[in-house]
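Before any comments, here is the structure.
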Number of protein chains: 4
Amino acid sequence: MGTDHHGNRYGRSEQARRAVLEAADDLLVEHGFAGLTVEKIAARAGVAKQTIYRWWPSKVDILLEAFGDDLAKALTPASHGDLGADLREHLAAMADFLTTSDAGAVYRALVGQAQHDPQLAATLRDGHLAAQHARDRLPFERAVARHDLPADTDIDPLVERLVGVVHYRVLVTGAPVPREFTDALVDAFLAGP
Amino acid sequence: MGTDHHGNRYGRSEQARRAVLEAADDLLVEHGFAGLTVEKIAARAGVAKQTIYRWWPSKVDILLEAFGDDLAKALTPASHGDLGADLREHLAAMADFLTTSDAGAVYRALVGQAQHDPQLAATLRDGHLAAQHARDRLPFERAVARHDLPADTDIDPLVERLVGVVHYRVLVTGAPVPREFTDALVDAFLAGP
Amino acid sequence: MGTDHHGNRYGRSEQARRAVLEAADDLLVEHGFAGLTVEKIAARAGVAKQTIYRWWPSKVDILLEAFGDDLAKALTPASHGDLGADLREHLAAMADFLTTSDAGAVYRALVGQAQHDPQLAATLRDGHLAAQHARDRLPFERAVARHDLPADTDIDPLVERLVGVVHYRVLVTGAPVPREFTDALVDAFLAGP
Amino acid sequence: MGTDHHGNRYGRSEQARRAVLEAADDLLVEHGFAGLTVEKIAARAGVAKQTIYRWWPSKVDILLEAFGDDLAKALTPASHGDLGADLREHLAAMADFLTTSDAGAVYRALVGQAQHDPQLAATLRDGHLAAQHARDRLPFERAVARHDLPADTDIDPLVERLVGVVHYRVLVTGAPVPREFTDALVDAFLAGP
DNA sequence: GTTTAACCGAGACGGTACGTCCAGTCTTCCC
DNA sequence: GGGAAGACTGGACGTACCGTCTCGGTTAAAC
């Protein structure tokens with residue numbers, strides 16, 4: 001998508017694209033979502049405002065793109081051949097991603113903004129969130145494949161019962177999400193049906 | 001906090017206060033958080049902008065006050081002498097409140113904004129959210145008092161495992177939260193430890 | 001006009017009146033006409049805004065009253081039994097009053113404001129300016145009485161030919177008006193018809 | 001200074017500039033200086049407030065520019081080869097300009113405002129007033145060139161003795177300035193030294 | 001001596017305009 | 001044709017004063 005030139009009739013400037021994404025990321029982390037304006041992104045990136053409006057409909061679309069594949073990279077659960085181990089590791093990684101990483105800050109800002117912006121909410125759900133949900137299902141699907149769980153297991157509600165609790169702490173109560181908490185959560189979950 | 005006059009050195013105008021709170025509530029529901037401006041609140045309430053700035057630092061503070069005791073009124077769990085019944089009813093009421101009521105819309109907007117605004121997040125947590133958490137604990141505390149649960153039960157994580165899942169649907173996935181879902185959630189929960 | 005009490009149904013507070021006039025005077029000299037607001041006058045005078053509005057229709061009316069009899073005191077021409085001497089001294093006193101005194105600053109502010117405010121212009125002309133014009137005529141009237149000038153002398157245009165030139169320097173060109181200038185003006189004037 | 005486009009990095013919009021100047025002129029004449037606000041100028045000119053603040057520091061700067069060359073056009077004395085005739089015509093034109101023209105209204109407002117605003121006073125004196133003074137000298141300079149006046153004539157005080165009197169009527173007494181008055185003024189002046 | 005009504009301070013109120021910031025659109029020249 | 005630059009309309013921001021209002025406290029003539 002674009003090559004290493006200033007932009008001409010043969011394609012857009014990859015250089016400008018990257019500068020905008022980085023500037024948006026930096027400004028969000030430094031000044032928060034309120035301090036993130038198209039004008040400041042343009043100034044910081046050394047790019048004309050028009051160039052931003054040409055390629056992104058709004059500042060949240062910049063964040064969506066900046067967010068990129070960070071989520072997939074950070075939160076694809078590994079396989080240890082054991083449901084409990086897989087879940088424990090995955091939830092711990094999720095808690096870490098959401099509370100400490102820059103990409104996690106972008107994620108929280110996007111989810112927050114989605115509360116005000118149904119359009120963004122839809123985009124987010126159909127894109128990153130759906131993809132992440134598919135990844136969250138993986139430990140269970142592997143357990144089904146290993147016949148550790150019945151073949152007709154309804155996986156989605158199980159995922160929600162784990163992922164939802166972590167999100168609640170992150171988005172609502174703001175309490176820390178230590179390893180002990182996620183481990184205890186998985187233990188209690190596995191002890192049930 | 002204000003009496004029935006136009007406002008003078010001995011107190012503010014209760015009339016103006018109520019008009020502002022109602023206007024903010026209405027505008028949020030009608031035009032969303034983005035369409036909620038101090039200017040429009042003032043115009044709709046028939047109040048001078050200065051009067052708003054005199055009493056509320058920002059528009060979210062208006063919402064916080066407008067939110068008022070709606071939460072407590074709507075989401076105080078009744079007692080049926082049975083943990084399962086109490087939880088089922090409470091979670092269903094919570095889902096209903098969050099997804100269908102005007103106050104629920106305000107709640108979602110506030111939690112969304114809190115992702116961008118640590119100050120608001122702190123205020124929200126120390127106020128309404130802490131109070132609601134105390135109410136969410138009630139069914140469990142009653143169960144302990146009835147000796148249906150051990151006296152040393154650690155209640156907070158149990159609350160989170162129910163409330164968190166409902167919030168996840170409301171705030172993140174945007175999926176509907178029907179009675180079947182909350183009932184199944186409670187059933188699975190009670191089947192565990 | 002008022003006595004030395006806090007104000008009651010039998011009269012206004014002389015104390016408050018004086019405080020307002022002094023505060024207005026001070027603020028004009030310190031911060032200029034633009035920095036002169038009813039709110040600041042009230043604060044500086046330790047008086048309620050309502051007290052000001054009760055007695056003066058606007059801030060220029062305060063200045064008009066503060067101006068008071070300063071003009072008469074400063075610019076009543078003395079008699080030396082000689083037209084030239086009277087005029088020379090009077091014009092020099094006028095130049096001094098207009099350019100150096102606090103009351104002169106008030107005078108300039110009022111004449112300036114009168115350019116924007118026909119109501120003030122009328123008040124000013126019918127009051128202070130008419131009275132001053134009468135005083136400006138005195139040297140000529142004495143000369144007529146002494147038979148130094150014909151009995152049918154049309155005095156008004158003569159006054160304007162002197163006073164107008166001084167005002168032009170003060171109000172328009174802003175040039176200094178030294179004694180040499182006013183003396184030369186009188187000399188040239190007397191050499192004419 | 002601006003070409004026929006909507007404004008870009010290579011120049012401002014001449015169209016917007018003219019609309020602002022005309023709107024300011026109209027509003028001053030219609031509603032007076034007090035009724036002249038940046039907000040109304042913007043609305044009347046169909047221009048954004050920011051466009052005004054981008055190019056003019058304040059509303060008086062707009063008036064200064066709107067005033068433009070009107071003064072020079074209206075008050076450049078013609079030459080009749082006779083000092084008396086030149087002066088009579090020039091003073092009559094000046095009286096007419098100051099009391100009846102729209103530009104004269106702007107002039108009076110600016111001189112009035114200059115009494116409150118030393119910055120404006122300086123700008124006005126160094127610009128329009130100095131230029132006008134140079135034009136006011138012309139009849140005398142021509143008379144010197146014709147040897148009707150001595151070569152070492154000190155012209156400035158002579159100018160002030162005529163122009164000042166007209167200004168006094170216009171700015172201070174508010175009396176009308178008919179042709180008889182200015183003619184008589186010149187006659188008396190010429191009968192002197 | 002008590003009543004009482006005008007004046008006072010304080011300050012909240014509905015408004016208007018201020019000067020600033022940013023959104024999103026446009027036009028121009030350069031590469 | 002993309003990009004940098006920046007002027008443009010438009011609208012909300014938060015502030016400063018305006019002139020009006022209502023309140024409880026003060027006070028001196030009237031009762």
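First the proteins, then the strands, lettered A, B, ... as listed; each starts at 1.
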- Message: Main chain of C:L27, side chain of C:K40: is a donor-acceptor contact present, judged purely on distance under 3.5 Å?
- Response: no

- Just how far, in rounded Å, is P of E:dG24 from CD1 of A:I41? 11 Å

- Message: If we ignore hydrogens and angles and just use 3.5 Å, is the side chain of D:H116 paired with the main-chain N or O of C:A109 as donor and acceptor?
- Response: yes

- Task: Hey, which sits more toward the 5' end of DNA chain E by its nearest nucleotide, A:K59 or B:T51?
- Result: B:T51

- Closest to the side chain of B:T37, out of F:dC8, F:dG19, F:dA12, is F:dA12

- Mind calculating the distance between CD (A:E14) and C1' (F:dG3) to the nearest angstrom? 15 Å

- Thinking salt bridges, do D:E22 and D:R44 make one under a 4.0 Å N-O criterion? no

- Query: Quick one: is F:dC8 close enough that its OP1 or OP2 comes under 4.0 Å of any side-chain N or O from D:R12?
  - Reply: no

- B:E39 CD to F:dT15 P: how many Å, rounded? 13 Å

- Item | Closest-nucleotide 5' rank along DNA chain F - winner of D:A16 and B:L36 | D:A16

- Task: Check every strand shown and say whether A:K49 touches a base, only sugar-phosphate, or nothing at a heavy-atom separation below 4.0 Å.
- Result: base

- Item | Value in whole Å for how far the P atom of F:dG14 lies from CD1 of B:I62 | 10 Å

- Item | N/O (side chain, D:W55) to phosphate O (OP1/OP2, F:dC8) under 4.0 Å | yes

- From the candidates F:dG3, F:dT20, E:dC8, the one with an atom nearest any side-chain atom of A:R54 is F:dG3

- Expressed in angstrom and rounded to an integer, what is the separation of B:Y53 atom OH from E:dG14 atom P? 15 Å

- Specify the separation, in whole Å, of atom CH2 of A:W56 and atom C1' of E:dA23. 17 Å

- Query: Okay, side chain of B:K49, backbone of B:V38: is any donor-acceptor separation there less than 3.5 Å?
  - Reply: no

- Item | Whole-Å gap separating C1' (E:dG14) and CD (B:Q50) | 11 Å

- What closest approach, in Å, do D:V111 and C:L171 show between heavy atoms, and which atom pair accounts for it? CG1-O, 3.9 Å

- Message: How many whole angstroms separate atom NZ of D:K40 from atom P of E:dA17?
- Response: 4 Å

